[in-house]
Structures are given as structure tokens and as C-alpha cells.
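Bear in mind that the values here come from a model prediction, so they are computed numbers and not experimental data. Computation of the quantities below employed the complete heavy-atom set of this structure, encompassing side-chain atoms and omitting hydrogens, waters and symmetry-equivalent molecules. Atoms within each ligand, like the ligands themselves, are counted from 1 in listed order.
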Amino acid sequence: MPNMWDGYLKEVLIDADRLQARVKELGEKISVDYKGLDFLLICILKGGVPFLTDLMRQITVPHEVDFLAVSSYGRGARSSGGVVRILKDLDESIEGRHIIIVEDIIDSGYTLGYITRLLGTRHPASIKICALLDKKERREVVIPVDYIGFVIPDEYVFGYGLDLDQKFRNLPFIGIAKK
Ligand code: IMP
Ligand code: MG
């Protein structure tokens, strides 16, 4: 039986076992750091969904989740000088509360830079970023990332939330796309 990703996948970068093991570690760390605090995980749609759902099940202290959908113009927000459009805003007020932004990947950093500034104007008690993947060498905007799953090379990756032309977000692993 051929796989649906045959023809698109160059190689598997992070397999499902490694992903799950790292997500568990991040969940354990967050559970310690946020014990006793009122906090929300804010998932950036759509790429952050598989990561969020696995991460929240590894967190052992009470918390809430909320969702934010943004559109970058072109790939990343660089072309618009870091401005992204909000497609779906949060349901909850974050004033006075601790928030952790859960995102699939940081590339240039423009998208998360914008989101962090925007949410900062709503006066949360604190903001931290939890990104599954970090393409460190492509960073153009300095943003502190508090929880990182994996630093990866400058390759286009897909699976586990990340899309290839909007598809393959359901793969349980991260793969490098064929050129
Ligand atoms: P940034 O604003 O350049 O940091 O872009 C971040 C966004 O670009 C991420 O949230 C992803 O949606 C997208 N992105 C960047 N690199 C990749 C990739 O390798 N695969 C899939 N999406 C990516
Ligand atoms: Mg994204």
C-alpha cells in the first residue's frame, strides 16, 4: 500500500516517538513552572493544533485553552513588515492572567513578534512562547522563546500540524519536503 505522502516526503526529520517524548517533557516542565497559577494555553490555528492537544494532555495542573487564528501575508509575515491579520480572536479575556502561546514553528519570528505585541496590549500577567520547532538560523526578529521542542535546519517541513499546501497536517511525524 503506498503512503499518501509518497512523492512529497524527502525524509523523516522527527519521528512520532521522538515528538511524543519531547512533548511530554515540555508538558512536565510547564506543569512545574505554572503550578498554582491561573494560566491559559493559546493555540495559534491551524498549525498548533496537534501540538496543543498532545501538550495539554501532558500538563498535570489545571489550565484553560483558547484559540487565535491569524493570516500572514505570503509565507510568513515578512512581506507586510510583520503585520498579520486576526481571523479569529480569543474568546477569553487574558487581563491579569498568565498566557503561553503554543505555535508549530518559528521561522523569521515576525508572526510571533506581532502576536506577542498584540496580546501584550491586553495586559496579561505574563506571556511566554512554546514553539514545537525553531528554524533558528532564519530568525530576523528577536523574540524570547521560553519552551522549544526542537531546533531544526532551514528546510521546508510538514506534518504534525504543519502543512504542505494546506494538506498533511495529520501526519504523526515531521518530514522534510521534496524540493
Ligand atoms: P514567521 O513569521 O516567518 O516566523 O513564520 C511562521 C509561520 O510560517 C509558521 O507559523 C508557519 O505557519 C509558517 N512556516 C514557516 N516555516 C514553515 C515550514 O517549514 N513548514 C510549514 N509552515 C512553515
Ligand atoms: Mg503557523
Side-chain angles (χ1 to χ4, degrees), residues 3-16 18-20 22-23 26 30 40-56 65-90 99-121 127-179:
N3 292 308
M4 62 177 172
W5 55 81
D6 288 346
Y8 300 95
L9 180 70
K10 187 172 138 201
E11 62 185 274
V12 173
L13 181 65
I14 308 167
D15 68 23
R18 273 184 76 204
L19 276 175
Q20 293 302 324
R22 184 68 185 128
V23 172
L26 291 171
I30 289 170
L40 290 103
L41 300 177
I42 294 179
C43 176
I44 311 302
L45 296 173
K46 304 166 185 162
V49 169
F51 181 36
L52 171 85
T53 58
D54 284 338
L55 181 68
M56 63 195 278
V65 297
D66 205 346
F67 297 88
L68 184 71
V70 299
S71 79
S72 310
Y73 298 85
R75 215 192 113 194
R78 191 184 304 106
S79 47
S80 60
V83 174
V84 302
R85 198 156 51 97
I86 302 253
L87 300 178
K88 185 227 163 280
D89 207 337
L90 301 175
I99 64 174
I100 304 175
I101 301 171
V102 177
E103 172 67 306
D104 51 3
I105 187 167
I106 312 185
D107 185 2
S108 67
Y110 278 112
T111 306
L112 272 174
Y114 179 84
I115 291 170
T116 307
R117 281 197 305 282
L118 172 83
L119 297 184
T121 65
I127 304 183
K128 283 192 182 178
I129 292 173
C130 178
L132 179 69
L133 305 176
D134 183 359
K135 275 189 197 169
K136 214 170 188 161
E137 62 196 79
R138 284 179 50 91
R139 193 67 37 77
E140 293 175 29
V141 177
V142 179
I143 29 169
V145 187
D146 306 276
Y147 305 99
I148 291 175
F150 302 89
V151 174
I152 64 164
D154 180 14
E155 300 262 19
Y156 195 86
V157 294
F158 67 105
Y160 199 70
L162 295 123
D163 71 294
L164 191 61
D165 290 335
Q166 292 303 323
K167 299 194 180 62
F168 302 120
R169 295 186 195 273
N170 60 317
L171 306 189
F173 58 83
I174 304 277
I176 298 177
K178 274 188 183 161
K179 289 264 164 20

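- Polar contact with ligand 1: present for Gly109 (N/O pair, distance under 3.5 Å).
- A side-chain contact (heavy atoms from CB on, under 4.5 Å) with Val70 holds for exactly one of Leu118, Thr111, Leu87; it is Thr111.
- Less than 4.0 angstrom separates some heavy atom of Glu155 from each of these atoms of ligand 1: 19 (O).
- For the ligand labelled ligand 1, residue Glu140 lies outside the 4.0 Å heavy-atom shell.
- Near Asp104, with a cut-off below 4.0 Å to any heavy atom, the atoms of ligand 1 are 9 (C), 10 (O).
- Using a cut-off of 4.0 Å between Lys/Arg side-chain N and Asp/Glu carboxylate O, Lys10 and Glu155 are scored as salt-bridged.
- Listed by number with element, the atoms of ligand 1 under 4.0 angstrom from any heavy atom of Thr111 are 1 (P), 2 (O), 5 (O), 6 (C).
- Contact between Phe158 and ligand 1 is absent, with no heavy atom of the residue lying under 4.0 Å from the ligand.
- Using a distance-only test at 3.5 Å, with no hydrogens or angles considered, no donor-acceptor pair links the side chain of Arg85 to the main chain of Ser71.
- Considering backbone and side-chain atoms alike, Val157 places an N or O below 3.5 Å from some N or O of ligand 1.
- Exactly one residue among Leu52, Ile42, Val102 makes a side-chain contact (heavy atoms from CB on, under 4.5 Å) with Phe67. That residue is Leu52.
- Near Glu103, meaning under 4.0 Å from one of its heavy atoms, ligand 1 places the atoms 10 (O).
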Per-pair distances, 0.1 Å, donor-acceptor, side chain in residues 169-179, under 3.5 Å, sequence neighbours excluded:
{"from": "Arg169", "atom 1": "NH1", "to": "Gly161", "atom 2": "O", "distance (Å)": "2.9"}
{"from": "Arg169", "atom 1": "NH2", "to": "Gln166", "atom 2": "OE1", "distance (Å)": "2.6"}

Take Ile30 and Tyr147 through the test side chain to side chain contact (heavy atoms under 4.5 Å, CB included) and record every step on the way to the result. CA-CA 9 Å; Ile30 289 170; Tyr147 305 99; 3.9 Å; yes

